[in-house]
Amino acid sequence: MRLSKSFVPTLKEVPNDAVVASHVYMLRAGMIRMLSAGIYSFLPLGYKVIKKISQIIREEMDAIGGQEFHLPGLNPREIWEETNRVDAFGDTMFHIKNREYILAPTHEEIMTFHARNVLKSYKDLPQIWYQIQTKFRNEARPRSGVIRGRQFLMKDSYSFDATAEELDKSYSLHDKAYRNIFDRCDLKYFVVGASSGAMGGTGSEEFMVKSDAGEDTVAYCEHCTYAANVEVAQSKILPNKRSEFSSELKEISTPNVKSIDELCAFLKIDESQCAKSRVYIHDDIPLLVLMCGNDEVNETKLEKVLGGKIRPAHLEELKEITGADAGSIGPLGFKGRIIVDNRLKDANNLYSGANKNDYHIGGIDMNRDANKPEYFDLRIVKSGEECPNCNNKLEVFSAIELGHIFKLGTKYSSAMGANFLDESGKENPIIMGSYGIGVERVMACYIEQHHDENGIVWDSVLAPFQIQLISLNMKKPEVVEASENIYNELTANGIDVLFDDRIDAQAGFKFKDADLLGMPFQVIVGEKKLKDNKVEIKIRKSGERFDLDINELMSNIKKLLKS
RNA sequence: CGGGGCGUAGCGUAGCCCGGUUCAUCGCGCCUGCUUUGGGAGCAGGAGGUCGUAGGUUCGAAUCCUACCGCCCCGACCA
């Protein structure tokens, strides 16, 4: 492709609105443009990459027996009402104003619609159906360029099985396919076992990439690959040791001491001797949560323990519930359930609030003084704590979700009446799985992981072009002739070449653009070296440059592309 | 949806606090010509703006006030 005739609008400056690297470089390299918040157009160069990623996905899906569909993005609302998901999605679903249609945010219902009454016998199963298609979600807050959009490309597949064992097979086929896909794309990723949330179902895994642009927080152990969403992550932190003797309870005047840090400084004690109090409202009933020191309450864990929804008590409610304001609340005399983190199990000689403003109580013995404490793991794990599986350190960081695989079970087939007859002639709902990959996220994550201060660093698998051919001076006939010849030869050999044949661009300008666009290899044709019948090769990744005799160019390029 | 920030030419910006020869600065990019050509060229000339939109205050508004729209960031939410 000739750059002089192509639409590759590169930007030399960083656009104001872009913050994360992938967004900056996709804009600067002329691959995408924003149309509206969270809605992006892919320009030719960017779309080439999308097509390459899609092709890899397609090959791996086909390899596990997947069959590709192309489904409508515009769906009748009534299909979504069969599974109650119009309500479930709420404002996240786009609704068409002048007809009873919605814009599909995913495709479980549509695939199930095609399966029901057609997949009628166990002999028709298993099936794996997939598509690579645009989804629409009315995200409250699109962000990070293409990473979270209101419209995005997703590969979604659905498995239909007769038994739980068969579902396990379909699931592990996807697990393997996903690993192949992300490996082929040269992404450094890890796998998190996640709670299955609103999709319903019994098992799931998330494929994640570490990134500051990520929206999930995970705890990860490099050593044993333990990985968990911080909402459920655990660590091997030791409980407080119980001292041999429990001291007497004593009330201590602690004027203006609110936080644990202030309390520790005031009393010259360690934070592990403190029981921090948090009041939550569960089904309109207040309860007290006690954490060790500065540990944070993990509300997901707490909800799991209690069942149902919780909320932190409002500051104004505290006095009525406990008799004190935030900063002076504690377990003694608290009316209601007391839920305690495992770290405080059986602990004694603790300090906590006195339920009386500006007073704390020392010498608290959980076993002696707290009213029926219930112990659970309630902490949010922190970086540097010990991995629950091995003795190495956990790292807590944010990450982008690239893919997600779910065992759905029969949630959709039951709701929509997608049943089959088993060998005994009995009717059963089809057992389903659902599996997604964010295609643009693959591209964005690749760039997050493969760029430097000058631009993107593609390797040949995803690169829009294998080679950027740079003619340094299109006004010198000999340079033009040599680069045209090289262009024709490379192209004739089936190599995808981006030819910078722009007449009025200076050498330095072209070099900068080439580094920004980031093709794996640059072939540089200049007047000086041409006199010795040589051209220069630059390897984008290493920055290494060397000269090659023009006659040997083709064979060397082929070697480079294979390496 | 809450909090914060921003909106001046294709991109990046100055001017805004202290309204008035600034109906608009500078850089990049764009057009014409000449020169130049191995790491973002030089000179000369030129095109391009309802200062986000609509009201208001004022003799006078890019500048002050109000509302709305749009975008970014943090949070909430997230299949």
Side-chain angles (χ1 to χ4, degrees), chain A residues 9-20 23-24 27-28 30 33-39 80 83-93 104-109 135-145 147-150 152 154 156 158 194-201 204 206 212-217 229 231 299-300 311-312 398 400-401 403-406 408 411-412 434-436 438 454-455 470-476 479-480 500 502-516 522 524-531 534-536 538 543 545 547:
Chain A
T10 55
L11 301 170
K12 300 297 188 184
E13 288 172 281
V14 179
N16 202 328
D17 289 340
V19 175
V20 303
H23 189 198
V24 169
L27 284 168
R28 286 196 52 204
R33 284 292 116 103
M34 186 179 79
L35 185 62
S36 177
I39 304 178
W80 288 81
T83 53
N84 235 338
R85 286 175 105 201
V86 176
D87 284 346
F89 274 105
D91 197 45
T92 306
M93 180 179 268
T106 172
H107 279 88
E108 278 81 9
E109 278 76 0
K135 312 286 178 196
F136 302 88
R137 294 183 192 183
N138 185 22
E139 298 292 351
R141 187 187 156 206
R143 68 187 93 177
S144 306
I147 288 172
R148 187 176 190 82
R150 295 209 167 109
F152 57 96
M154 177 163 150
D156 49 324
Y158 305 88
S195 58
S196 33
M199 291 291 276
S204 79
E206 288 175 321
D212 290 337
E215 312 180 87
D216 295 296
T217 308
N229 195 302
E231 289 177 352
E299 296 185 0
T300 307
R311 66 166 174 88
S398 39
I400 297 170
E401 183 187 335
H404 204 160
I405 60 178
F406 276 112
L408 284 179
K411 174 174 172 174
Y412 297 94
S434 125
Y435 317 87
N454 295 314
I470 303 169
S471 170
L472 290 185
N473 189 343
M474 287 299 283
K475 286 177 183 164
K476 298 278 181 194
V479 177
V480 172
D500 193 343
R502 289 175 294 183
I503 292 170
D504 42 11
Q506 300 285 302
F509 190 92
K510 291 188 173 188
F511 287 136
K512 286 289 180 189
D513 259 4
D515 287 347
L516 173 62
Q522 296 169 16
I524 301 156
V525 184
E527 201 181 354
K528 285 176 200 159
K529 291 185 178 171
L530 212 49
K531 286 194 176 120
K534 286 187 186 305
V535 293
E536 184 173 302
K538 175 175 170 180
R545 303 142 163 257
D547 294 343

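Below, chain A is the first sequence line, B the second, and so on; all start at residue 1. Below, each value reflects all heavy atoms present in this structure, side chains not excepted, and no hydrogens, waters or symmetry copies.
Annotation: rC71(B) and rU53(B) have their C1' atoms spaced 15 Å apart (nearest Å). Nucleotides rU50(B) and rG45(B), compared at atom C1', are 28 Å apart to the nearest Å. Nucleotides rA9(B) and rA14(B) have their C1' atoms positioned 14 Å apart, rounded to a whole Å. The same atom, P, is picked in rC17(B) and in rC6(B); the two are 14 Å apart, to the nearest Å. Taking the P atom of each, rG3(B) and rC68(B) are spaced 13 Å apart, rounded to whole Å. Only the P atoms considered, rG48(B) is 16 Å distant from rU32(B), to the nearest whole Å. Taking atom P on both rU58(B) and rU22(B), the two are 26 Å apart, rounded to the nearest angstrom. Comparing the P positions of rU25(B) and rC31(B) gives an interatomic distance of 22 Å, to the nearest angstrom.
Using modelled atom types and a 3.5 Å distance limit, the side chains of T10(A) and D513(A) yield a donor-acceptor pair. Using modelled atom types, one finds no donor on one side chain facing an acceptor on the other under 3.5 Å when comparing E206(A) with S204(A).
E215(A) has its CD atom 11 Å from the P atom of rC73(B), to the nearest Å. Separating the CE atom of M154(A) from the P atom of rC78(B) is a distance of 17 Å, rounded to the nearest angstrom. Spacing between atom CD of E139(A) and atom P of rC1(B) amounts to 15 Å, rounded to whole angstrom units. Distance, D91(A) CG to rA76(B) C1': 14 Å, rounded to whole Å.
Between K475(A) and D504(A), none of the side-chain N atoms (NZ, or NE/NH1/NH2) sits under 4.0 Å from a carboxylate O, so this pair counts as no salt bridge. The pair R143(A)-E215(A) meets the salt-bridge criterion, with a side-chain N (NZ, NE, NH1 or NH2) lying under 4.0 Å from an Asp/Glu carboxylate O. Using a 4.0 Å cut-off between charged side-chain N and carboxylate O, D547(A) and K534(A) make no salt bridge.
Backbone-only contact: S144(A) has heavy atoms under 4.0 Å from sugar-phosphate atoms and none from a base. Looking at heavy-atom distances under 4.0 Å, K529(A) makes contact with a base. Residue K135(A) is out of contact with every strand shown, counting any heavy-atom pair closer than 4.0 Å. Using a 4.0 Å heavy-atom criterion, one finds that P9(A) contacts no nucleic acid atom at all. Note on M34(A): only backbone sugar-phosphate atoms sit closer than 4.0 angstrom, heavy atoms only; bases stay farther off. Residue-level contact check: A140(A) touches the bases, meaning some heavy atom is under 4.0 Å from a base atom.
Closest approach to the R148(A) side chain among rC72(B), rC74(B), rC78(B) is made by rC78(B) (side chain taken as heavy atoms from C-beta onward). When distances run from any side-chain atom of E536(A) to the nucleotides rC71(B), rU37(B), rG38(B), the shortest one goes to rG38(B).
The closest side-chain heavy-atom distance from K135(A) to D156(A) is below 4.5 Å.
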(request) Start with the C-alpha distance between N229(A) and D216(A), add both sets of side-chain angles, then the distance that settles side-chain contact (heavy atoms from CB on, under 4.5 Å), and finish with yes or no. (result) CA-CA 7 Å; N229(A) 195 302; D216(A) 295 296; 4.1 Å; yes

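Across the strands present, rC1(B) finds its partner in rG75(B); the criterion is a Watson-Crick or G-U wobble pair with both atom distances under 3.5 angstrom. The partner of rG20(B), taking Watson-Crick or G-U wobble pairs whose two distances both stay under 3.5 Å, is rC59(B). Nucleotide rU50(B) has no partner under the Watson-Crick or G-U criteria, as no pair reaches both atom distances under 3.5 Å. Nucleotide rG7(B): paired with rC69(B) (Watson-Crick or G-U wobble, both distances less than 3.5 Å). The partner of rU32(B) is rA44(B), by the rule that a Watson-Crick or G-U pair needs both atom distances under 3.5 Å.
In this structure, K411(A) NZ and F406(A) CZ are separated by 9.5 Å, a value rounded to the nearest 0.5 Å.
Under 4.0 angstrom from either OP1 or OP2 of rC77(B) there lies no side-chain N or O belonging to T92(A).
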Report all interatomic pairs (protein N or O, nucleotide N or O of nucleotides 41-47 of chain B) with separations under 3.5 Å.
{"residue": "rA41(B)", "atom": "N7", "partner": "Q506(A)", "partner atom": "NE2", "Å": "2.9"}

Pairwise N/O distances under 3.5 Å, protein to nucleotides 3-10 of chain B:
none

